[in-house]
Undergrad: 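Structure provided below as structure tokens; questions to follow.
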Amino acid sequence: MGNKTKKLVLIDGNSIAYRAFFALPLLNNDKGIYTNAVYGFTQMLLKILEDEKPTHMLVAFDAGKTTFRHKTFVEYKGGRQKTPPELSEQFPFIRQLLDAFKIKRYELENYEADDIIGTLASQAAEGEWDVKVFTGDKDLLQLVTPDVEVVLTRKGITEVEAYTVEQVNERYGITPEQIIDMKGLMGDPSDNIPGVPGVGEKTAIKLIKQYGSVENVLEAIGEISGAKLKERLSENKEQALMSKDLATITKEAPIDLGIDDTTYEGFETASVFPLFKELGFQSLLDRLGGDEAALPDTEKEELSFQRVSIIEPNMLKNPSSLVIETLTEDYHKADIHGVALSNESGTYYVPYDIAKESETFKNWLQDKDQKKIMFDAKRAHVALKGQGLDLNGIEFDLQLASYLLNPSESLDEIADIAKQYGTLTVDSNEKVYGKGAKKKLPEDDVLAEHLSRKAYTTFTLKDVMAEKLQENEQSNLFYDLELPLSLVLAKMEETGVKVKVDTLKKMGTDLEGQLTTLEKEIHELAGVTFNINSPKQLGEILFEKLSLPAVKKTKTGYSTSVDVLEKLEGKHEIINKILIYRQLGKLRSTYIEGLLKVVHEDTDKIHTRFNQVLAQTGRLSSIDPNLQNIPIRLEAGRKIRHAFVASNPEWKILAADYSQIELRVLAHISQDDNLMEAFQKEMDVHTKTAMDVFHVDEQEVTSEMRRHAKAVNFGIVYGISDYGLSQSLGITRKEAGEFIKTYLESFPGVQQYMKDSITEAKQNGYVSTLLHRRRYLPEINSRNFNLRSFAERTAMNTPIQGTAADIIKKAMVDMDQRLIEEKLEAKMLLTVHDELIFEAPEQEIAKLKKLVCEVMEQAVQLDVPLKVDVSWGDSWFEAK
DNA sequence: TCTCACACGC
DNA sequence: GACGTACGTGTGAGAT
């Protein structure tokens, strides 16, 4: 092999598709079509094209249910499991894919892929050809010759093992031609080939090595040792011969194409990319350099729109879609670069300078009876507010709708939604504006068209999405919860939180001093100056220079995380100082410097942004800055909260948090008697858990028992694994596993709920919360243990955490309403998952306290009471 | 500009 | 029996 001019690659299509299907988790693309086999197949193809650079190529498929072999033996391939429908449905795409790659494919009635491959390989194997056969089926090893290599998939899809004549011999001790003799004797359960009973691989190989073929073995039965073996061979002569026959790949399949018809001349990305896009193979697109710019400029559908310089009332129909374009990621005080809207009268682009001066437009904008359909209305609301404009009458938000329909999609611009629903093409913002430092406004006519396309698409997609929400029984969740919430959040973001810059700066200076001292001490103890913030350098100092025992490693070196350092405490003075240095360093960089960076100079306020369409569980997240992770656990960090104050010196900060909301939700959903009792009797839930798990009375619960119980409750709420629990309790995984088992036995209702959740996920493909929020878990049926386990824990955990999110969101919407009704000046400022933060004049505090408790506790009705703790003070620190 | 390790909250 | 194990955001280091 080697220097021959022609290289033929033959692929066993069915075998590779099966391999890919079972090697990869069940991926779907955005249309819900399974794509894992197609994906794996494509990876394999690309690898083959790259590694082999074939001049000729063909992919063979099995055709039909029966083959000529069934005439010999009707039970051939009997008892085989039916091809899973998830795989069958992918074959058409594999064919499409091959066509796009311009690779010949072939199938023939009554013959298997093997036979097509065997026939072509035999045509080729005469000196000038270099042939490679790719398959997952060891049977094909019989085709190996000095000119033909058979490449078997090993594990996964891209890991392969090539067999030459020598390697077959090395592995089996026989020649490739003798593979069929071996099969004749040992049979092949996967194809239901019987062989000789009692003869397995070992015996078969021994006999073939000795006698050369099945025929010779049968002739020599007399001299074979072992009475039982002798008997079996003579009783099954016919069957052995038939088995050999069945295992033999024909080299004379009546194919109507010759080897010269398989020439391969490469493929054009232009024909492959669209299919990759359709299938959602972003990583492969990237790998082939298939970013949007490289794509052929496909003809975009025409859209007629008007560029208007005067806004006429007849352009502002009810309803209309509305696009308010901002380019900066942070929309607080963002410039607006253009306005577009679309309705039954047409699609219009309005330069912002014109829009902002138009009374007609501004009146329409703030008219709550004029309905607007938008994408990310919160962004527009805040941006407009920054320009002194009011936006009301938001009837629909495509971004929120798409999040509710499937939170994992993360469709963050209209173009994504357009792509998903296959409407009018909208270019991605990145394509139109560029990214990073190069991001800029395009020519005016490009902007006009881009925004018009967005507006038109938004208008047309509203009904489609609304209908889907209806189908999913998510209309209430959308119209009564998320949509109103987005405007509540907009208000909170606009309001912002006042911080005392001086307090932060003072703390910063203090930290600075302590850090300098610590740094000096650490360097002295180490005997060398180094960067303590560099895990790499720190690891070298601790584990090499100071020879402390390294307990854990990371991909890149020694781990120096807290749990590692804590184990080393007492072994060296330096450890404790490093721990304190880390703690204080974190405070300085993230919380002092980080927060100071985002304080608005003129107002001393911080305006975060809540992301309403990100967390898979339905929770909110907070960025720029993240105000949901301000320190509280350790005193040093907690002091940061002194800097968060009310915007008016006369006002106070009030914080209200749900007590054990997740466990209360769990009690309600699972209807577990023990757990419900804990809350109905207002017991300490961790103590109650310890009582039930350890079978002791309340007085007998030790702090150790309570700590364990608390960790398990924590695990239940966050869906951690036995491993996670073992880590948090410092026990072994096995102990943790048993502990979880005991817990579940003590709370049979919870155990039943866990089981039901998994079943539900398997049946529906998703789990849901009290208010019908969904999370799809396609990996729940994965054959990959990790993926499946993760999906199972998610199935158990998401309804709990998601329902808790539903509840606090409902409380926020209600609270916003009640503050208006009760004519309170108090303002809602922040939400931290199970907590709401307000600012209010001191004289309102009593009323607010009562109101917040009432609203939060009554947000939904569960079979256990919801409990809220409220506290208030001059700062967030005092409100604890 | 990206990835990694780490650390903060719930 | 191994797999790598709640979610989110932000930081500095170090490689590109």
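Model, not experiment: these values are computed from the prediction. In what follows, every heavy atom counts, from backbone to side chain, and hydrogens, waters and symmetry copies are set aside. Order of the sequence lines sets the chain letters (A, B, ...), proteins ahead of strands, with each chain counted from 1.
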Undergrad: What does Arg588(A) touch in the nucleic acid at a heavy-atom separation under 4.0 angstrom: a base, only the sugar-phosphate, or nothing?
TA: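 Nothing, no heavy atom under 4.0 Å.
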
Undergrad: Could you tell me whether Ala804(A) contacts a base, only the sugar-phosphate backbone, or nothing, with contacts defined as non-hydrogen atoms closer than 4.0 Å?
TA: nothing

Undergrad: Expressed as a whole number of Å, how far does the P atom of dC4(B) sit from that of dG4(C)?
TA: 15 Å

Undergrad: Nearest 0.5 angstrom please: Leu565(A) CG to Glu569(A) CD, how far?
TA: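 The CD atom of Glu569(A) is 8.5 Å from CG of Leu565(A), to the nearest 0.5 Å.
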
Undergrad: Identify whether any heavy atom of Asn531(A) sits under 4.0 Å from a base atom; if not, whether one sits that close to sugar-phosphate; answer base, sugar-phosphate or nothing.
TA: sugar-phosphate

Undergrad: Taking for each residue the nucleotide of DNA chain C with the nearest heavy atom, is it Arg619(A) or Pro625(A) whose nucleotide lies nearer the 5' end?
TA: Arg619(A)

Undergrad: Checking all strands, does Leu614(A) fall into the base, sugar-phosphate, or nothing category for heavy-atom contacts under 4.0 angstrom?
TA: sugar-phosphate

Undergrad: So what does Gly594(A) touch, heavy atoms closer than 4.0 Å: a base, only the sugar-phosphate, or nothing?
TA: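 If one applies the 4.0 Å heavy-atom cut-off, Gly594(A) turns out to touch the sugar-phosphate alone, with no base involved.
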
Undergrad: Watson-Crick or G-U wobble partner for dA5(B), using a 3.5 Å limit on both distances?
TA: dT11(C)

Undergrad: Where do His607(A) and Glu494(A) come nearest, in terms of heavy atoms and distance?
TA: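 Result for this residue pair: CE1-O, 3.0 Å.
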
Undergrad: Between Arg773(A) and Thr617(A), what is the shortest heavy-atom contact and its length?
TA: CD-O, 3.5 Å

Undergrad: What nucleic acid atoms does Glu662(A) come within less than 4.0 Å of, heavy atoms only: base, sugar-phosphate, or nothing?
TA: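 No contact at all - Glu662(A) keeps every heavy atom at 4.0 Å or more from the nucleic acid.
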
Undergrad: Over all strands shown, is Thr794(A) touching base, sugar-phosphate only, or nothing at heavy-atom distances under 4.0 angstrom?
TA: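 Nothing, no nucleic acid heavy atom in range.
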
Undergrad: What heavy-atom pair brings Glu839(A) and Ile653(A) nearest, and what distance separates the two atoms?
TA: CB-CD1, 4.2 Å

Undergrad: Among Arg775(A), Gln616(A), Arg774(A), which one satisfies side chain to side chain donor-acceptor pair (under 3.5 Å) with Thr798(A)?
TA: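 Looking at Arg775(A), Gln616(A), Arg774(A), the match for Thr798(A) under the side chain to side chain donor-acceptor pair (under 3.5 Å) is Arg775(A).
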
Undergrad: Which word best sums up how the rings of Trp876(A) and Phe644(A) line up, parallel for under 30°, tilted for 30 to 60°, or perpendicular for over 60°?
TA: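 Answer is perpendicular, since the angle exceeds 60°.
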
Undergrad: So what does Asp834(A) hit on the nucleic acid, given a heavy-atom distance under 4.0 Å: a base, only sugar-phosphate, or nothing?
TA: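 Sugar-phosphate contact only - Asp834(A) comes under 4.0 Å of backbone atoms but never of a base.
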
Undergrad: Run through Leu538(A), Thr554(A), Ile541(A) and flag the one making a side-chain contact (heavy atoms from CB on, under 4.5 Å) with Thr560(A).
TA: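 Only one option passes, and that is Leu538(A).
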
Undergrad: Taking all atoms of both residues into account, what is the closest heavy-atom pair of Ile807(A) and Ala859(A), and its distance?
TA: O-CB, 3.8 Å

Undergrad: Once you measure the plane-to-plane angle for Phe543(A) and Tyr558(A), does it fall in the parallel (<30°), tilted (30-60°) or perpendicular (>60°) bin?
TA: tilted

Undergrad: How would you label the contact of Gln616(A) with the nucleic acid (heavy atoms, under 4.0 Å): base, sugar-phosphate, or nothing?
TA: sugar-phosphate

Undergrad: Walking along DNA chain C from 5' to 3', note the first and the last nucleotide with an atom under 4.0 Å from a heavy atom of chain A, and give both.
TA: dC3(C) to dG14(C)

Undergrad: Within the 4.0 Å heavy-atom criterion, would you say Thr617(A) contacts the bases, only the backbone, or no part of the nucleic acid?
TA: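 Counting heavy atoms under 4.0 Å across all strands, no contact is made by Thr617(A).
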
Undergrad: At a heavy-atom distance below 4.0 Å, which nucleotide of DNA chain B is the first touched by chain A, and which is the last?
TA: dT1(B) to dC10(B)

Undergrad: For Phe790(A), answer base if it contacts any base atom (sugar-phosphate contacts may also be present), sugar-phosphate if it contacts only those atoms, and nothing otherwise; contact means non-hydrogen atoms under 4.0 Å.
TA: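 Sugar-phosphate only.
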
Undergrad: What's Arg582(A) touching, base or sugar-phosphate or nothing? Going by heavy atoms closer than 4.0 Å.
TA: sugar-phosphate

Undergrad: With a 3.5 Å limit on both atom pairs, tell me what dA2(C) is paired to, counting Watson-Crick and G-U wobble, or say none.
TA: none

Undergrad: What nucleic acid atoms does Ser789(A) come within less than 4.0 Å of, heavy atoms only: base, sugar-phosphate, or nothing?
TA: nothing

Undergrad: For a quick test of reading the model, state the closest non-hydrogen atom pair linking Leu770(A) to Asp806(A) and the distance between them.
TA: N-OD2, 3.8 Å

Undergrad: Over all strands shown, is Asn611(A) touching base, sugar-phosphate only, or nothing at heavy-atom distances under 4.0 angstrom?
TA: nothing

Undergrad: Taking atom P in both dC10(B) and dT5(C), what distance in whole Å separates the two?
TA: 24 Å

